Amino acid sequence: PPAVEEPAPAPPTPEPEAPKPAEPAPPAPKATEEVAEDWEKEANEEKAPEPAPVVEEDEWDEAEEGQGEGEARPQGKDGERKIPDPRPHLNIVFIGHVDAGKSTTCGNILFLSGCVDERTIEKYMKEAKDKNRESWFLAYIMDTSEEEKAKGKTVEVGRAAFETPNKRFTVLDAPGHKSYVPNMISGASQADVGVLIISARKGEFETGFEKGGQTCEHALLAKTLGVDKLVLGINKMDDPSVGWAKERYDEIEKKMTPFLKQKGFKEDQFMFLPMSGLTGDNIKERKSTPDWYTGPTLLDMIDKIDPPSRSKELPLRIPMLDGFKDMGSVMAIGKVEQGTVKPGQKVTIMPIGHKCTIAAVYIKDEEMQYAVAGENVTLKMSGCTETELCKGFVMAEQSNPVKVVSKFKAQLQVIELPEERPVLTSGYKAVMHAHVAAEECEILKLYESMSMKDRKKEKNPRFVRIDQVVTCSISLARPTALDAFTGVQQLGRFTLRDEGRTIAIGKITELPKEK
């Protein structure tokens, strides 16, 4: 009879790995001395592991049941996680007409703040020289894709971080080209401060400012998207056609001031300054800025801007930018618009109503104990896949989810209409951009209109024209997570676009009552 094979000996069971010792946290950059000392002590003394943040075991079991493969439980103890930098964080968006010098200015800010080393700059200089575009080398810091480098036009919103003694900033470099305005909207909707770059070169300011130029459209969109403070950087002052002439600077200031006031900016909400993004004049230091300009440099100016008031205690709201898989873990990216996000928190993703748990919170690739409103975060998720984390979805607390609506009442200001459809009536279809979501919508009914010129009101108008404010109801093609403007402002403002132009800006005044 054939010999019976003996079963192979079972492999030895691997011993559970000992948890890795906590890495010493580096001292906070320019934090107060006491905090630095505390941190040094913590790093030197090996601490007993602290109890995990308030998460009960039963909750874990529930969470684990709903987990797929490769999804992680919250890692590490609070002792290993860092406390976020106490300095306020601001998102700052650079906007303006195409070729005004936005990417170059952003690149130079990063270079002057020491975020880019000399070697990288030399590499970009050589690359730009090979393409016969020597003055583009600083823009390559922000425009990293080959398409953007070849054409010299930004397409996607570039992101980078830098710091000043009092604040931390994330630069959002928005595209200026009118084909990419939707990208610019989703970038600017996360911004707290805007820098509108205007080219002073002869003819360039005029093209950007005239009808159809992006200088005006971007300034208006910035206002709609919740940018409270606008710095107007009058760039290319070193150009031979300008030669730092005060007359040119004054002329631009004179033309822009009434326009900005008309669009709703108050006197104290915008500031002008002359600069040169390429040579770095008046960005961090005055360099060759002439004596007639006595104000602060660009970095000093944005450093003095007060961050907007945000509530850390209210329910969590994070409009999602993207979801992706990284080393088997599901990650989500977004900006915390309200509330505080912590590991172990139970959240719901709206409008799909999917429940999941936050496993870890990262700010700039460093794991944190929490993140408050205003921070750009990357979250490690458990209990969901990247397909449930689409751009435009909103993450909220399970106990207090955000409302999901398919119609709402709004107040609209009509700005521009296509020539072939010069009036706005019920049944008008457009695309609505709210926070980072873009949805098709239709105007259902017009309730009341008011002319901006003579403040004359009309009940139940049949149509409205440019420069009128109208109260109307709007229906959406599919349910979207939104809020009234009186609730979370960032989820309550929107713009309507049609045929590649911004036709109206508005705010949600009323959501349908829940049945």
Side-chain angles (χ1 to χ4, degrees), residues 23-33 35-36 39-40 43 82-94 101-129 134-144 148-149 154 157-174 191-195 197 231 233 235 238 273 275-289 295-305 307 362-368 374-378:
E23 288 183 14
K30 303 186 186 68
T32 52
E33 285 179 16
V35 177
W39 283 8
E40 273 177 29
K82 291 189 177 174
I83 292 175
D85 193 317
R87 290 176 291 174
H89 174 264
L90 283 175
N91 275 345
I92 182 160
V93 67
F94 281 75
K102 298 178 290 298
S103 300
T104 299
T105 306
C106 292
N108 214 337
I109 287 176
L110 296 177
F111 174 56
L112 295 170
S113 312
C115 304
V116 186
D117 55 20
E118 294 275 353
R119 254 187 73 187
T120 319
I121 291 283
E122 280 168 18
K123 185 184 98 181
Y124 288 144
M125 272 179 148
K126 183 178 178 301
E127 204 175 326
K129 210 167 185 175
E134 287 181 35
S135 66
W136 287 4
F137 71 96
L138 285 165
Y140 286 180
I141 298 172
M142 296 303 293
D143 295 347
T144 45
E148 291 181 324
K149 286 181 178 178
T154 309
V157 175
R159 292 167 171 273
F162 73 96
E163 293 172 353
T164 58
N166 308 323
K167 291 193 178 73
R168 292 170 300 129
F169 291 99
T170 300
V171 180
L172 306 169
D173 173 31
D192 305 303
V193 179
V195 178
I197 301 284
V231 175
N235 192 17
D238 59 320
L273 88 163
M275 54 177 272
S276 164
L278 183 62
T279 57
D281 296 336
N282 211 22
I283 289 184
K284 191 176 182 186
E285 292 155 8
R286 289 181 66 92
K287 288 193 178 170
S288 50
T289 309
T297 61
L298 179 63
L299 290 185
D300 288 346
M301 199 179 263
I302 57 177
D303 196 29
K304 290 193 182 93
I305 291 175
Y362 297 91
I363 298 176
K364 291 206 306 203
D365 298 335
E366 289 186 357
E367 196 173 340
M368 297 290 174
E375 295 286 357
N376 299 328
V377 290
T378 306

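For clarity, every value in this text was computed on a predicted model and none was experimentally measured.
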Legend entry - No-hydrogen, no-angle side-chain donor-acceptor test under 3.5 Å, Thr289 and Asp281: no
Would you give the length of the straight line joining atom [atom1] of [X] to atom [atom2] of [Y], rounded to the nearest 0.5 angstrom?
X	Y	atom1	atom2	answer
Thr297	Lys287	OG1	NZ	11.5 Å
Met275	Ile197	CE	CD1	4.0 Å
Glu163	Ser113	CD	OG	9.0 Å
Glu366	Thr378	CD	OG1	12.0 Å
Glu122	Phe137	CD	CZ	10.5 Å
Glu375	Asp85	CD	CG	8.5 Å

Tell me whether [X] contacts the main-chain N or O of [Y] through its side chain, where contact means a donor paired with an acceptor under 3.5 Å.
X	Y	answer
Asp192	Asn91	yes
Arg168	Arg87	yes
Lys167	Pro307	no

Within a strict 4.5 Å, meaning less than it, do heavy atoms of the [X] and [Y] side chains meet?
X	Y	result
Leu172	Arg159	yes
Asn376	His89	yes
Ile363	Val377	yes
Phe162	Leu299	yes
Val231	Ile305	yes

Inset, instruction - Taking all heavy atoms of Ile302 and all of Phe169, pick out the closest pair and write down the distance. - result: O-CZ, 3.5 Å
Inset, instruction - Locate the shortest heavy-atom distance separating Leu273 from Pro296; write the atom from each residue and the value. - result: CD1-O, 3.8 Å
Mind listing the side-chain donor-acceptor pairs of residues 102-111 below 3.5 Å, one per line with the distance, residues two or more places apart or on another chain?
| from | atom 1 | to | atom 2 | distance (Å) |
| --- | --- | --- | --- | --- |
| Lys102 | NZ | Gly96 | O | 3.1 |
| Lys102 | NZ | His97 | O | 2.9 |
| Ser103 | OG | Asp143 | OD1 | 3.4 |
| Ser103 | OG | Asp143 | OD2 | 3.4 |
| Ser103 | OG | Thr154 | OG1 | 2.8 |
| Ser103 | OG | Asp173 | OD2 | 2.6 |
| Thr105 | OG1 | Gly101 | O | 2.6 |
| Asn108 | ND2 | Gly277 | O | 2.6 |
| Asn108 | ND2 | Leu278 | O | 3.3 |

Inset, instruction - May I ask you to say whether Asp117 pairs ionically with Arg119, meaning some side-chain N is under 4.0 Å from a carboxylate O? - result: no
